[in-house]
Amino acid sequence: MEMNQYLDMFIEESKEHIQAINDHLLVLENDPENVNLINEIFRSAHTLKGMAATMGFEDMAALTHEMENVLDQARNHKLVIDTDIMDVIFKCVDVLETMLYSIAGGGDGKEDVSHIVAALKAILKGELPVSIRQEDVSQPESASGKETAATAIAETAEDMRPYQLDEYEFTVIEQSIESGYHAYWIKTSVKDDCVLKAARAYMVYDNLESLGEIIKTTPSVEELEEEKFEKSFEIVLISKETEDKIEKTVMNVSEIEAVEVREIQPNAQHTASVQQQEEKQPAASVAPTKQPAAKGTKEEKTAAKAPVAKKSTTSKTIRVDIERLDVLMNLFSELVIDRGRLEQLARESGQSALMETVEHMSRISGDLQNIILTMRMVPVEQVFNRFPRMVRDLAKDLNKKINLEIVGADTELDRTVIDEIGDPLVHLLRNSLDHGVESAEERRAAGKPEEGLVQLKAYHSGNHVFIEVRDDGKGINREKVLKKALERGILTEQTASSLSNKQIYELLFASGLSTADQISDVSGRGVGLDVVKTKIESLGGSCSVDSNPGAGTTFLIQLPLTLSIISAMLVQVEDEKFAVPLSSIIETAVFSPDDIMHAHQQDVIDFRGRIVPLVSLKSIFNIPDSIEHKDNDISVVIVRKGDKMAGLVVDSFIGQQEIVLKSLGKYLTNVFAISGATILGDGQVALIIDCNALIK
């Protein structure tokens with residue numbers, strides 16, 4: 001089998017299983033006697049072992065096999081999971097992840113797992129697990145450790161050799177036996193004077209298939225059909241029938257000279273050598289019933305599945321290169337511009353048949369557009385789900401009690417952005433855990449609960465996604481930040497005196513500035529928050545921080561959806577047209593001059609009991625007056641950013657339209673309150689308003 005074509009699939013599925021193990025382990029730590037959780041972890045580890053063995057990654061297969069042994073003891077109530085055992089299993093997951101990233105990077109996935117295997121074996125013996133340090137994992141590989149780690153896989157391969165079963169087929173047999181089925185090796189010999197050997201082989205195959213699932217034939221099915229065998233052929237069958245029933249079924253076919261049936265069943269000796277105690281996932285060997293086994297002539301790996309696997313359905317998904325989706329999006333963006341132009345021409349022509357055709361085309365292209373946009377969007381959960389484990393480990397290292405709360409994990413973001421925001425969020429979370437949340441003693445002294453709270457929250461606002469990292473710690477020490485900034489020469493004494501608290505907090509994003517008293521593994525080098533700011537800005541977003549001394553700190557990341565096509569309300573101000581993203585709009589309204597009030601040196605309106613400030617787009621963008629007569633009534637677009645609102649004052653509403661978001665180019669970067677531009681159906685250019693920048 002050519003394995004390279006399956007490598008990407010193996011990597012993606014392995015990531016999912018490792019993440020599933022991580023998630024379940026975090027829950028299991030608080031509920032160590034939950035057998036259902038242990039079973040879920042066991043199944044993921046078992047699947048991972050089978051896939052790794054099939055792909056030839058023996059170190060990964062061997063390590064997951066030893067993990068299985070420990071988990072099997074736990075699910076059979078022969079072992080109680082405690083903190084020390086959890087640490088060893090977590091370390092196993094870390095090493096598996098390291099192996100997987102090595103494979104994904106073109107490596108061979110080899111690691112010295114002897115130290116971890118020794119710890120797992122110590123757990124099975126009832127001994128305290130040996131400590132596992134990170135440097136242990138990276139030590140040069142020893143021959144003895146390597147042999148120990150790969151023993152189970154090697155013995156399994158040896159046991160399967162007489163039947164030419166590979167690791168995948170062995171796993172199918174193993175799972176089937178657990179579910180109450182029997183596995184049989186059947187050798188059938190036809191008579192010497194048989195004329196139609198292929199027909200007889202087909203009849204035997206067909207009859208046996210009616211009794212269960214055939215997972216292997218030697219030679220292959222194709223070779224049987226072409227009569228590419230001498231006198232005998234072999235079949236491996238999963239069934240609930242008896243040996244006698246199977247033998248009679250084969251002998252009922254004419255011109256069959258003899259049949260030999262052997263049951264493949266657990267080997268107690270192999271089990272003892274691997275686990276050193278009772279084991280429920282044994283290797284397979286053969287219990288002879290009549291004669292020595294006859295070896296097959298050719299190995300063929302089939303895709304047949306045992307009855308235990310019948311519940312699983314064929315995958316309904318395919319993986320598509322993100323660059324292809326980019327091309328598809330760009331092509332459709334151009335189509336949307338042409339669609340807008342065609343709609344305008346149809347309206348101007350007044351031809352009903354043409355207008356009906358264009359309307360139908362618009363509906364179809366609208367559905368197509370939604371599908372294309374959805375294909376690119378993935379929930380931020382894909383990034384967030386890696387953090388509970390990280391927070392657990394870091395809190396333990398810092399000797400702090402911390403509860404991570406995740407809100408809005410189903411918020412969707414463009415795939416290209418999802419791939420980039422992981423590292424910035426890691427820096428922010430580590431900052432909150434190290435600098436923000438106090439130790440249990442400090443929190444008790446301050447009258448707070450011992451357990452600190454770190455909240456990771458995501459939500460949509462307009463055509464942006466906001467991600468908050470908030471903690472209930474001690475907040476930012478204003479004077480300490482100022483002192484460090486002055487020492488580093490980031491600002492002068494004269495400048496410092498004029499800065500607001502928020503501006504001082506923003507200095508944390510300056511390169512080389514850190515408020516840590518000493519350098520540690522977690523922080524202190526001043527290369528964290530400036531990296532966050534640089535990365536977020538490279539994605540077209542922004543990052544800010546606010547703090548309340550003694551109550552906590554909040555970091556806010558604003559990211560564009562980076563969608564090429566959005567729904568917008570077109571508005572007019574004097575001779576200029578603007579597009580306001582529909583996702584930012586609450587509603588549109590018209591007010592009389594008498595409804596306008598003045599408060600805090602700003603015009604405001606009463607919108608359903610709330611005082612909403614007015615923002616004049618004409619003033620913001622310095623739009624010159626036109627000579628056209630305008631009504632006295634004031635048209636307002638009510639927009640929001642989170643819980644805050646504002647009213648954008650415009651001259652008139654043009655209507656809703658699908659628009660293509662175009663960048664202003666590298667020469668017009670960071671234009672205030674403008675997120676891009678679009679080309680309208682008549683060829684005019686309309687600027688797209690960034691409502692979030694106008695709401696304070």
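All of these numbers come straight from a predicted model, not from anything done at the bench.
Shown here are the side-chain contact (heavy atoms from CB on, under 4.5 Å) partners of A395, two or more places apart in sequence or in another chain: I402. Listed by chain and number, the residues in a ring pair (Phe, Tyr, Trp, His ring centres under 6.0 Å) with F621 are F578 (sequence neighbours excluded). Remark: S432 engages D471 in a side-chain hydrogen bond (donor to acceptor under 3.5 Å, both in side chains) (not counting sequence neighbours). Taking the side-chain hydrogen bond (donor to acceptor under 3.5 Å, both in side chains) definition, one finds that H600 meets it with nothing, sequence neighbours left out. Evaluation of the side-chain contact (heavy atoms from CB on, under 4.5 Å) rule for T83 yields D87, K396 as partners, not counting sequence neighbours. Taking V27 as the reference, L37 meet the side-chain contact (heavy atoms from CB on, under 4.5 Å) condition, with sequence neighbours excluded. Taking the side-chain hydrogen bond (donor to acceptor under 3.5 Å, both in side chains) definition, one finds that S44 meets it with nothing, sequence neighbours left out. In terms of the side-chain contact (heavy atoms from CB on, under 4.5 Å) criterion, residue partners of E405 (sequence neighbours excluded) are, by chain and number, V407, L453, Q455. Every residue two or more places apart in sequence or in another chain was checked for a ring pair (Phe, Tyr, Trp, His ring centres under 6.0 Å) with Y101, and none qualifies. Legend: residues meeting side-chain hydrogen bond (donor to acceptor under 3.5 Å, both in side chains) with N403, ordered by chain and number and at least two apart, are absent.
The shortest distance between side-chain heavy atoms of V426 and F387 falls below 4.5 Å. By the 4.5 Å heavy-atom criterion applied to side chains, I406 and P388 are counted as neighbours.
Under the salt bridge (charged side-chain N to carboxylate O under 4.0 Å, His left out) criterion, the residue pairs touching residues 378-391 are D94-R389, R389-D393, with sequence neighbours excluded. The list of salt bridge (charged side-chain N to carboxylate O under 4.0 Å, His left out) pairs with a residue in residues 578-587, not counting sequence neighbours, reads E587-R608.
For the pair A677 and L687, the tightest heavy-atom approach, listed with the atom from each and the gap, is CB-CD2, 4.1 Å. G408 and V380 get closest at one heavy-atom pair: O-CG2, 3.7 Å. Annotation for P379 and I418: closest pair O-CD1, 4.0 Å, computed over non-hydrogen atoms. When all heavy atoms of T553 and G475 are compared, the closest pair comes out as OG1-CA, 3.4 Å. Nearest approach of I81 to I85, heavy atoms of both residues: CD1-CG2, 3.9 Å.
Checking side-chain atoms of R443 against main-chain N and O of P449 turns up a donor-acceptor pair under 3.5 Å. Checked by atom type and distance alone, the side chain of K400 pairs as donor or acceptor with a backbone atom of V437 at under 3.5 Å. Side chain of S547 to backbone of G552: a donor-acceptor contact under 3.5 angstrom is found. K535 contributes no side-chain N or O that, together with a main-chain N or O of G422, makes up a donor-acceptor pair within less than 3.5 Å. No donor-acceptor pair closer than 3.5 Å links the side chain of N34 to the backbone N or O of L28. Side-chain N or O atoms of E576 include none that pairs as donor or acceptor with a backbone N or O of I623 at under 3.5 Å. With hydrogens and angles ignored, the 3.5 Å screen pairs a side-chain donor or acceptor of D59 with a backbone N or O of E111. When atom types are taken as modelled, the side chain of H460 and the backbone of E412 share a donor-acceptor pair closer than 3.5 angstrom. Between the side chain of H435 and the backbone N or O of N431 there is no donor-acceptor pair closer than 3.5 Å.
A distance of 7.0 Å separates OG of S14 from CD1 of I103, quoted to the nearest 0.5 Å. The distance from atom CG of L413 to atom CG of L559, rounded to the nearest 0.5 Å, is 6.0 Å.
Taking the charged nitrogens against the carboxylate oxygens, E438 and K474 have no contact shorter than 4.0 Å, which rules out a salt bridge. The residues E479 and K483 are annotated as not salt-bridged, no charged nitrogen and carboxylate oxygen being separated by less than 4.0 angstrom.
Counting heavy atoms of neighbouring residues, nucleotides and ligands inside a 6.0 Å radius, atom CG of D31 exceeds 12 of them. Within 6.0 Å of NZ on K644 lie no more than 12 heavy atoms contributed by other residues, nucleotides or ligands. A 6.0 Å sphere centred on CD of E450 holds more than 12 heavy atoms belonging to other residues, nucleotides or ligands. Within 6.0 Å of NZ in K577 there are more than 12 heavy atoms belonging to other residues, nucleotides or ligands.
Taking the six-membered ring where the residue is Trp, F466 and Y459 present parallel rings, their angle staying beneath 30° rather than reaching 60°.
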